[in-house]
Amino acid sequence: MFTSFFPYLPQRLWRAVPLLLLASLTLTALPVLAVDKENHGFGLDRTFAVTGAYGFGKRQGMAGQSGLLRAEGAGYFMTTPMNNRGGLEGGVELGYDGLDHNDAAATQGFLWDLWLGFPVTLFEKQSDDEMLFTSAIAPGMGISSQHAYVYIKGKVAARIVPKVSMELDYQWTPYMGSASWDTNSAHAGLSLATLRYATYFAVGDEVSLMAYFDWRQSNLETPTPGADPALQQFSGGVYNSGSFSPIVRARWDNNFRIGFGVAF
Amino acid sequence: MERLGQATRVGRRNGWRTLAAVLAMSALVTWTPREAAADSAVSQLMSYSVMTGLFMEVGKAEYSGGKGNPGMPVATGFRYYERQGIVTGTLTAIAIVLAGAAAASSPKSQRTYQSGNYIVTETTYRSEAEQAAIVAGAAAGAAGAASAKNQSFDLEIFSRSLGGDVSGWRMNGYYGIPFADRFMFELGMGFGSIDTAMKKDSQEIYASWGYIGMPFRFNYANDLFILFLEAQWNWLGHTASAKADPLQVPGTDALLLRYNPILPWKIGVVSNMFGRLYGEWDISTPGITSLEFATKATLGLRF
């Protein structure tokens, strides 16, 4: 299945692990290298985080409980004449999706996700010596064990008390912005919407402990059984609710994650 | 079949969502501070800026099936437009690095011959020095592409949930050549995939469009606005799908159109008169001689 998309990817996915690690280091290093201390893009005060998470609930194409490691970074290094800041975000997630489920054949239980985005700040509020509130929007793209995708993310971060801040972000991949690996229709998409709440507890000038909870909804498009293959091929990108359509959508699945880690 | 019509009418009624979103953004503008440095449209053309907003396009756009489509499609969607930024350069850099890595790890030569009872394949691999040279060359190219000052990136996501008939996406990355202080010529690479589903006089109409090609854009900035003329050379048009003939698919009486015009043009204007409020309006045609036109308006916020 994967070899048809990545002819150079080894048949056994575990061989891709070093490749993914290298790519993730490159991606997450980009914002970290590019920013100075004033231009944190992760939460209010940080540029890089390593977290571990436990996931549960249902997800399209995969099921059940998962264990995940996630490394991500974000930072700004350009300023517009209107005083908005632009930069990069990126990261990698590696995990095992087989803690309880019986559908591991699709990925041999191996979960991975690799993404790169371009955040730009919208509105910010600053006191004399620290950032109090920031909001940003980021288009981006990625590949994961489920699909190749584009996303749009909105995020806000705010200081609660001097040593504690929070961040809320919402990331959306529409059907049309996704090319799913595991269907036989070239157009079929996987829609994903993730809402994440994170809290940062500063334990020094440079380090915060981070805890987060996320809720992701997913829905998969698949070809309508019996629909004409030529028609499926032709206009698979168009879905009409309640009418003739070469595409059907499943119910929305809900998956939840709880994660802890360190942000630098 | 009739139910498609209902769905489309409901979609049209939901156009109020677009209006509400536009009004909400306009309200945001009123309390958003603005720096004096951004006053001129020349500055908007020549310095780093980002626009996010919504667009609506009505008429025979290049993706709507051409003359074969008797209807008047309406497209709505979300747009992200960055000038003098980093997106195009970063994506180019990644592509160069991946291509370099693939080239460095590929065999230098391979030959197969028969020797006695055996067929022998000899593969010659590159030396470490040769591999290093290729990777270093790719890295230098990537660094140059990423740090180029004059680059811009335009992403449009077409969504039916905003009330239109059209679903899909298009993105263009450009590198620019500025001259005479107020002009910039840009060229680059673009991709897209857009599908239309609509109904006219109880006839179902589907149109499908794909785009891989090169955009060319010429900009002129005045103090108040930017004028632009753009052509998007679609390489996919150099196939059978360059004709606007309807397809026949057994099992349906729907009108199926696959049409990729080779050289659609657009001419437009970007306003710089309302501070953070970004307004753009253009008229486009799938081909100069087609006598078909579409018009598109974008309203958004500048950052």
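Naming: A, B, ... by sequence-line order, numbering from 1 per chain. None of the values given here were measured: they were computed from a predicted structure.
Note: A/M82 CE to B/Y48 OH = 13.0 Å, rounded to the nearest 0.5 Å. Summarising the geometry, atom CG belonging to B/L91 is positioned 7.0 Å from atom CG belonging to A/L116; distances are rounded to the nearest 0.5 Å. Between the CD atom of B/Q44 and the OG1 atom of A/T80 there is a distance of 11.0 Å, given to the nearest 0.5 Å. Within the model, atoms OG1 of B/T90 and CZ of A/F118 stand 4.5 Å from one another, a figure rounded to the nearest 0.5 Å.
Heavy atoms from other residues, nucleotides or ligands lying under 6.0 Å from CD1 of B/I212 number 12 at most. Dense packing is recorded around NZ of B/K149, with more than 12 heavy atoms of other residues, nucleotides or ligands lying under 6.0 Å away.
By the 4.5 Å heavy-atom criterion applied to side chains, A/V150 and B/W169 are not counted as neighbours. Counting heavy atoms from C-beta outward, B/R276 and A/N84 have side chains that approach closer than 4.5 Å. No side-chain heavy atom of A/T121 sits less than 4.5 Å from a side-chain heavy atom of B/F303.
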Working for side chain to side chain contact (heavy atoms under 4.5 Å, CB included), residues B/I157 and A/I152:
CA-CA 10 Å; B/I157 294 183; A/I152 292 176; 4.0 Å; yes

List the atom pairs, donor and acceptor, that lie under 3.5 Å between side-chain atoms in residues 132-143 of chain A and the rest of the protein, sequence neighbours left out.
| from | atom 1 | to | atom 2 | distance (Å) |
| --- | --- | --- | --- | --- |
| A/T134 | OG1 | A/E124 | OE2 | 3.0 |
| A/S135 | OG | A/F123 | N | 3.1 |
| A/S135 | OG | A/F123 | O | 3.0 |

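For B/F153, no part lies near chain A; criterion is any non-hydrogen pair under 4.5 Å.
The nearest pair of heavy atoms linking B/Q84 to A/M78 is O-CE, 3.7 Å.
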